[in-house]
Amino acid sequence: SASIVGPKMVEALGGPAWLTAAMPQILTAGYLIPPLLTAHWMERLVRFHPLLLTLGFFQRIVYLIAGAVLFWGFRGNPAVLVAAAALAPLISGMVAGSGITAWQEFVANAIPPHRRSSVWATRNAICCLIGLGAGAVVLKVLDAFPGPRGYGLLHLTTFAFLTLSYIAFACTREIPNPRPRPGRAAGVGETLADIWAIV
(Lines give C-alpha, C1' and ligand atoms only; values in the text may rest on other atoms or scores of the structure.)
Protein backbone atom coordinates (compact mmCIF):
# COMPACT_ATOMS: atom_id res chain seq x y z
CA SER A 1 0.00 0.00 0.00
CA ALA A 2 1.62 3.21 -1.18
CA SER A 3 -0.49 5.30 1.19
CA ILE A 4 -0.12 3.23 4.38
CA VAL A 5 3.08 1.17 4.19
CA GLY A 6 4.97 3.48 1.81
CA PRO A 7 5.49 6.51 4.09
CA LYS A 8 6.42 4.38 7.12
CA MET A 9 8.83 2.34 5.01
CA VAL A 10 10.67 5.40 3.67
CA GLU A 11 10.77 6.94 7.16
CA ALA A 12 12.11 3.71 8.70
CA LEU A 13 14.78 3.45 5.99
CA GLY A 14 15.99 6.99 6.78
CA GLY A 15 14.46 8.77 3.80
CA PRO A 16 13.89 12.53 3.76
CA ALA A 17 10.65 14.02 5.07
CA TRP A 18 9.56 15.28 1.61
CA LEU A 19 9.79 11.77 0.16
CA THR A 20 7.93 10.28 3.13
CA ALA A 21 5.15 12.81 2.50
CA ALA A 22 5.16 12.10 -1.26
CA MET A 23 4.89 8.30 -1.00
CA PRO A 24 1.05 8.11 -0.91
CA GLN A 25 0.91 9.82 -4.33
CA ILE A 26 4.07 8.52 -5.99
CA LEU A 27 2.37 5.65 -7.84
CA THR A 28 -0.41 7.95 -9.07
CA ALA A 29 2.15 10.58 -10.09
CA GLY A 30 3.71 8.04 -12.39
CA TYR A 31 0.35 7.59 -14.15
CA LEU A 32 -0.21 11.25 -14.95
CA ILE A 33 2.27 12.28 -17.65
CA PRO A 34 2.84 9.16 -19.82
CA PRO A 35 -0.71 9.00 -21.25
CA LEU A 36 -0.30 12.51 -22.65
CA LEU A 37 2.79 11.32 -24.51
CA THR A 38 1.42 7.96 -25.71
CA ALA A 39 -2.34 8.40 -26.31
CA HIS A 40 -1.82 9.62 -29.89
CA TRP A 41 0.14 6.45 -30.66
CA MET A 42 -2.29 4.11 -28.86
CA GLU A 43 -5.24 5.25 -30.96
CA ARG A 44 -3.50 3.91 -34.07
CA LEU A 45 -3.17 0.36 -32.68
CA VAL A 46 -5.44 -2.43 -33.84
CA ARG A 47 -4.27 -4.96 -31.22
CA PHE A 48 -3.45 -4.04 -27.62
CA HIS A 49 -2.69 -7.37 -25.96
CA PRO A 50 0.97 -7.74 -27.11
CA LEU A 51 1.81 -4.19 -26.03
CA LEU A 52 0.09 -4.65 -22.66
CA LEU A 53 1.97 -7.89 -22.03
CA THR A 54 5.29 -6.14 -22.73
CA LEU A 55 4.47 -3.14 -20.54
CA GLY A 56 3.04 -5.43 -17.86
CA PHE A 57 6.35 -7.26 -17.59
CA PHE A 58 8.27 -4.03 -16.92
CA GLN A 59 5.52 -2.73 -14.63
CA ARG A 60 6.02 -5.78 -12.40
CA ILE A 61 9.75 -6.53 -12.62
CA VAL A 62 10.65 -3.35 -10.69
CA TYR A 63 9.08 -4.88 -7.56
CA LEU A 64 11.31 -7.95 -7.91
CA ILE A 65 14.40 -5.74 -8.24
CA ALA A 66 13.40 -3.48 -5.33
CA GLY A 67 12.52 -6.52 -3.21
CA ALA A 68 15.91 -8.10 -3.85
CA VAL A 69 17.75 -4.84 -3.07
CA LEU A 70 15.80 -4.36 0.18
CA PHE A 71 15.91 -8.01 1.27
CA TRP A 72 19.65 -8.39 0.82
CA GLY A 73 20.32 -4.91 2.18
CA PHE A 74 22.72 -3.77 -0.54
CA ARG A 75 25.56 -3.39 1.97
CA GLY A 76 23.35 -1.30 4.26
CA ASN A 77 23.54 1.83 2.07
CA PRO A 78 20.47 3.84 3.19
CA ALA A 79 20.34 5.95 0.01
CA VAL A 80 20.12 2.84 -2.19
CA LEU A 81 17.44 1.30 0.05
CA VAL A 82 15.33 4.47 0.01
CA ALA A 83 15.78 4.79 -3.76
CA ALA A 84 14.62 1.19 -4.28
CA ALA A 85 11.56 1.75 -2.10
CA ALA A 86 10.58 5.01 -3.83
CA LEU A 87 11.48 4.18 -7.43
CA ALA A 88 9.56 0.88 -7.56
CA PRO A 89 6.08 2.46 -7.39
CA LEU A 90 7.13 5.49 -9.46
CA ILE A 91 8.57 3.43 -12.33
CA SER A 92 5.73 0.91 -12.15
CA GLY A 93 3.23 3.77 -12.32
CA MET A 94 5.00 5.38 -15.27
CA VAL A 95 5.06 2.12 -17.24
CA ALA A 96 1.41 1.42 -16.39
CA GLY A 97 0.48 5.01 -17.24
CA SER A 98 2.11 4.77 -20.65
CA GLY A 99 -0.22 1.87 -21.50
CA ILE A 100 -3.36 2.89 -19.61
CA THR A 101 -5.10 4.07 -22.79
CA ALA A 102 -4.45 0.71 -24.46
CA TRP A 103 -5.66 -1.13 -21.36
CA GLN A 104 -8.89 0.90 -21.27
CA GLU A 105 -9.46 0.16 -24.96
CA PHE A 106 -8.77 -3.54 -24.34
CA VAL A 107 -11.32 -3.67 -21.50
CA ALA A 108 -13.89 -1.67 -23.46
CA ASN A 109 -13.61 -4.11 -26.38
CA ALA A 110 -13.60 -7.26 -24.23
CA ILE A 111 -16.50 -6.52 -21.87
CA PRO A 112 -20.02 -5.81 -23.15
CA PRO A 113 -21.32 -2.38 -22.06
CA HIS A 114 -24.10 -3.84 -19.89
CA ARG A 115 -21.49 -5.85 -17.90
CA ARG A 116 -18.88 -3.14 -17.30
CA SER A 117 -20.33 -1.69 -14.09
CA SER A 118 -20.61 -5.13 -12.48
CA VAL A 119 -17.07 -6.01 -13.60
CA TRP A 120 -15.67 -2.86 -11.96
CA ALA A 121 -17.73 -3.48 -8.82
CA THR A 122 -16.42 -7.04 -8.59
CA ARG A 123 -12.86 -5.88 -9.20
CA ASN A 124 -13.12 -3.28 -6.44
CA ALA A 125 -14.67 -5.79 -4.01
CA ILE A 126 -11.83 -8.25 -4.68
CA CYS A 127 -9.27 -5.47 -4.13
CA CYS A 128 -10.88 -4.63 -0.77
CA LEU A 129 -10.82 -8.27 0.35
CA ILE A 130 -7.18 -8.61 -0.66
CA GLY A 131 -6.41 -5.37 1.21
CA LEU A 132 -8.00 -6.68 4.41
CA GLY A 133 -5.93 -9.86 4.26
CA ALA A 134 -2.80 -7.98 3.23
CA GLY A 135 -2.96 -5.76 6.32
CA ALA A 136 -2.58 -8.80 8.58
CA VAL A 137 0.25 -10.15 6.42
CA VAL A 138 2.11 -6.82 6.55
CA LEU A 139 1.95 -6.79 10.36
CA LYS A 140 3.19 -10.38 10.67
CA VAL A 141 6.03 -9.90 8.17
CA LEU A 142 7.26 -6.68 9.77
CA ASP A 143 7.02 -8.19 13.27
CA ALA A 144 9.11 -11.18 12.17
CA PHE A 145 11.51 -9.21 9.94
CA PRO A 146 11.73 -5.56 10.99
CA GLY A 147 13.61 -3.14 8.76
CA PRO A 148 14.76 -3.49 5.15
CA ARG A 149 14.52 -7.29 5.14
CA GLY A 150 10.81 -7.15 5.98
CA TYR A 151 10.13 -4.46 3.39
CA GLY A 152 12.02 -6.56 0.87
CA LEU A 153 9.78 -9.54 1.65
CA LEU A 154 6.71 -7.34 1.17
CA HIS A 155 8.01 -6.22 -2.25
CA LEU A 156 8.72 -9.82 -3.22
CA THR A 157 5.21 -10.83 -2.10
CA THR A 158 3.79 -7.97 -4.17
CA PHE A 159 5.79 -9.22 -7.15
CA ALA A 160 4.41 -12.75 -6.65
CA PHE A 161 0.80 -11.51 -6.70
CA LEU A 162 1.50 -9.21 -9.66
CA THR A 163 2.95 -12.22 -11.47
CA LEU A 164 -0.31 -14.12 -10.86
CA SER A 165 -2.26 -11.18 -12.31
CA TYR A 166 0.11 -11.14 -15.31
CA ILE A 167 -0.50 -14.85 -15.94
CA ALA A 168 -4.26 -14.31 -15.71
CA PHE A 169 -4.06 -11.38 -18.14
CA ALA A 170 -1.87 -13.38 -20.52
CA CYS A 171 -4.66 -15.97 -20.71
CA THR A 172 -7.26 -13.43 -21.82
CA ARG A 173 -8.36 -13.33 -25.44
CA GLU A 174 -8.38 -10.02 -27.26
CA ILE A 175 -11.61 -9.01 -28.96
CA PRO A 176 -10.92 -7.23 -32.27
CA ASN A 177 -11.42 -3.49 -32.02
CA PRO A 178 -14.74 -2.68 -33.73
CA ARG A 179 -13.94 0.99 -34.18
CA PRO A 180 -12.00 2.08 -37.27
CA ARG A 181 -8.53 3.40 -36.58
CA PRO A 182 -7.91 7.02 -37.62
CA GLY A 183 -6.27 7.49 -40.99
CA ARG A 184 -3.98 10.06 -39.45
CA ALA A 185 -3.63 10.21 -35.69
CA ALA A 186 -2.37 13.33 -33.97
CA GLY A 187 1.35 13.54 -33.25
CA VAL A 188 2.79 14.07 -29.79
CA GLY A 189 3.37 17.76 -30.52
CA GLU A 190 -0.28 18.27 -31.47
CA THR A 191 -1.40 16.36 -28.38
CA LEU A 192 0.76 18.51 -26.11
CA ALA A 193 -0.47 21.69 -27.84
CA ASP A 194 -4.06 20.64 -27.07
CA ILE A 195 -3.47 20.04 -23.35
CA TRP A 196 -4.83 23.41 -22.22
CA ALA A 197 -7.95 22.98 -24.31
CA ILE A 198 -8.44 19.45 -22.94
CA VAL A 199 -8.00 20.66 -19.35
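Positions are given from 1, in the same order as the sequence printed here.
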Which atoms form the tightest heavy-atom contact between Gly97 and Pro35, and what is the distance? O-CG, 3.2 Å

Would you indicate whether the side-chain heavy atoms of Trp103 and Phe48 approach each other to under 4.5 Å? no

Just wondering, more than 12 heavy atoms not from Phe169 lying within 6.0 Å of its CZ? yes

For the hydrophobic clusters of this structure (ILVMFWY residues joined by side-chain heavy atoms under 4.5 Å, transitively), does one cluster hold both Val141 and Trp72? yes

How far apart are the C-alpha atoms of Val138 and Tyr151, what are their side-chain angles, what is the distance that settles it, and do they pass the side-chain contact (heavy atoms from CB on, under 4.5 Å) test? CA-CA 9 Å; Val138 167; Tyr151 293 119; over 6 Å; no

Can you measure from CZ (Arg47) to CG (Asn109) and round to the nearest 0.5 angstrom? 12.0 Å

Verify the neighbour count for atom CZ of Phe58: are there more than 12 heavy atoms of other residues, nucleotides or ligands below 6.0 Å? no

Interatomic distance, OG1@Thr158 vs CG@Leu64, rounded to 0.5 Å, equals 11.5 Å

Which atom of Ile26 lies closest to which atom of Ala86, heavy atoms considered: CD1-O, 3.6 Å

Measure the CD-CG distance between Gln25 and Leu32 for me, rounded to the nearest 0.5 Å. 9.0 Å

If two hydrophobic side chains count as joined below 4.5 Å and joins carry through other members, does Phe161 share a cluster with Val62? no

Closest non-hydrogen atom pair between Val46 and Glu174, with its separation: O-OE2, 4.2 Å

Is there a donor-acceptor pair under 3.5 Å between the side chain of Thr38 and the backbone N or O of Ser98? yes

Do Pro78 and Leu13 come close enough that some side-chain heavy atom pair is under 4.5 Å? no

Does CD1 in Ile4 sit with more than 12 non-hydrogen atoms of other residues, nucleotides or ligands closer than 6.0 Å? no

Locate the shortest heavy-atom distance separating Ala108 from Arg116; write the atom from each residue and the value. O-NH2, 2.6 Å

Applying the 4.5 Å side-chain criterion to the ILVMFWY set and letting contacts propagate, would Trp18 and Leu27 be lumped into a single cluster? yes

Heavy-atom pair of closest approach, residues Gln59 and Ser92: O-OG, 2.9 Å

Say whether Leu153 and Ile130 are linked into one hydrophobic cluster, either directly or through other cluster members, by side-chain heavy-atom distances under 4.5 angstrom. no

Counting distance only, does the side-chain N/O of Arg123 pair as donor-acceptor with the main-chain N or O of Val119 below 3.5 Å? no

With the 4.5 Å side-chain cut-off for hydrophobic clustering, are Tyr63 and Leu53 part of the same group? yes

Using atom types as modelled and distance alone, determine if a side-chain donor or acceptor of Tyr31 lies under 3.5 Å from a backbone N or O of Met94. no

Hey, does the side chain of Thr54 reach the backbone of Pro50 with a donor-acceptor pair shorter than 3.5 angstrom? yes

Relative to the ring of His49, is the ring of Phe106 parallel (under 30°), tilted (30 to 60°) or perpendicular (over 60°)? parallel

Keeping Ser165 on the side-chain end and Leu162 on the backbone end, is there a donor-acceptor pair under 3.5 Å? yes

Mind listing the closest non-hydrogen atom pair of Gly99 and Leu52 along with its distance? O-CD2, 3.6 Å

Identify whether NZ of Lys or CZ of Arg in Arg149 sits under 6.0 Å from the centre of the six-membered ring of Phe71 and within 45° of that ring's axis. yes

Arg115, CZ: over 12 other non-hydrogen atoms inside 6.0 angstrom: no

